[in-house]
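Within every chain, numbering begins at 1; the chains are lettered A, B, ... in the order of the sequence lines, protein sequences first and strands thereafter.
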Amino acid sequence: MTATSPTQAPSTADTAINNIKGNEEPEVADKGAETETETDAEEYDDNGIIDHTTFDQLLEMDDEEDHEFSRSLVWNYFEQAEKTFVDMNDAMEKLDFPDLSRLGHFLKGSSAALGLTKVKESCEKLQHYGNRKDAAGVESITNEEAETLIRALLVQMRREYNEAESYLKVFYDGQE
Amino acid sequence: MSSTLSSSPSSPSSPIISSSCPSTFSMPMPASITPPGSPPSPTMSVDSINGLNALRLDSPLELDQLRKIKVMIVDDNSINLSILSRMLEKHFTDVIQRTVIMTSGVEALKRLATEEFDLILMDIDMPVLTGVQTTVAIRQNSSECPVLEHNQNVPIIAVTTSDGAEQRELYQQVGMSDCVSKPIVLSTLRSAIEGAMKARG
């Protein structure tokens, strides 16, 4: 399967998103960082960014000599996520809640497949808010509430994605 | 395979929209469909030609199913497609001859009208035609939306995050043989595939 090119010039929309990125520095360059919950230490040794059970299964599918498969997969994910964030911001401007829900669900799938826990959970919230439900997907919320929640969530999701992206780039840099 | 997917405006619960297939998907087939008999495979002669031991103690397949299968994967998310096809490529070469990848239910139906498959791994939440709607169309095999006769009762396994009890029951009702949760656990996938292929026989 041909890997999609990992490099892509950011669009102007991306620049707008980048302006609200906040702190871009990788927060978990040191993989030996303290965990928040010791009981989850086996799976979450990096503040819950990556579910290693899932991610390791992907690494196991790499050929022994290199990490070409998982690396190209992860870079495809970066590309997909960047495009999805653009679409999310477009949908937000139009207050297109169904589309926001659909986009949340879409990115949730691939985030979950890579074991990106926090991003996945935010995507799931977006899915619910877009359906005018609360974070658990149970109670109904108003359009105004949904709008407020989604605006904040998109910022949070972007931060969580940046964190995951940094972590993964450090990981693959270390594989050279 | 391109990872650039066009944004589709339809929501998951929208009515069926298709230019080539009708919207008469209101009568799901019962789950107790009897699949047509598989064409007899010349297993014994193949075995003797290849000098294979007729007793394959390590194979989960019945003797008459030694023929490797052709699989279709359907998912609108290219990441999921990459992972699943790699899993099949890495871990299922003992049972799978060839894997074909489709990125939508519409494309899957088109392909099923011209090419025979032995198994479909079907994502559920897709725009335009969901996995359930696609399955119903396959099982109905209507004149407006035909598939090859061989494909009408092809085993279909749902591969999805929508794996609650109610949803699993729906998948069964429309004629899917199993449901594998995402993210996929290899052993679960293997059980589901083996189960589907055994039931086919």
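- For CD of B:Glu115, the number of neighbouring non-hydrogen atoms (other residues, nucleotides, ligands) closer than 6.0 Å is greater than 12.
- Listed here is the closest heavy atom pair of B:Leu186 and A:Gln57: N-OE1, 3.3 Å.
- For the atom pair CD1 (B:Ile79) and CG (A:Leu58), the distance works out to 10.0 Å, reported to the nearest 0.5 Å.
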List the atom pairs, with distances to 0.1 Å, where a side-chain N or O of residues 116-123 of chain B and a protein N or O form a donor-acceptor pair under 3.5 Å, not counting sequence neighbours.
unit_1, atom_1, unit_2, atom_2, d
B:Asp118, OD2, B:Lys70, N, 2.8
B:Asp123, OD1, B:Lys182, NZ, 3.1

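- B:Arg86 contributes no side-chain N or O that, together with a main-chain N or O of A:Phe69, makes up a donor-acceptor pair within less than 3.5 Å.
- Between B:Asn80 and A:Ala113, the closest heavy-atom pair is OD1-CB, 3.7 Å.
- Taking 4.5 Å as the limit, some side-chain heavy atom of A:Met61 sits within range of a side-chain heavy atom of B:Ile83.
- Listed by chain and residue number, A:Ser140 satisfy the side chain to side chain donor-acceptor pair (under 3.5 Å) test with A:Lys133 (two or more places apart in sequence, or in another chain).
- Under the 4.0 Å criterion applied to side-chain N and carboxylate O atoms, B:Asp76 and A:Arg102 are not assigned as salt-bridge partners.
- In this structure, the portion of A:Lys108 lying under 4.5 Å from any heavy atom of chain B is its side chain and not its backbone.
- Within the 4.5 Å cutoff, no side-chain heavy atoms of A:Glu60 are placed close to those of B:Lys90.
- The structure places NE2 of A:His105 at 5.0 Å from OG of B:Ser162, a figure rounded to the nearest 0.5 Å.
- Both the backbone and the side chain of A:Leu73 have a heavy atom closer than 4.5 Å to some heavy atom of chain B.
- Proximity to chain B is limited to the side chain of A:Thr54, based on heavy atoms less than 4.5 angstrom apart.
- Counting only distance, with no hydrogens or angles, the side chain of B:Asn77 and the backbone of A:Phe106 share a donor-acceptor pair below 3.5 Å.
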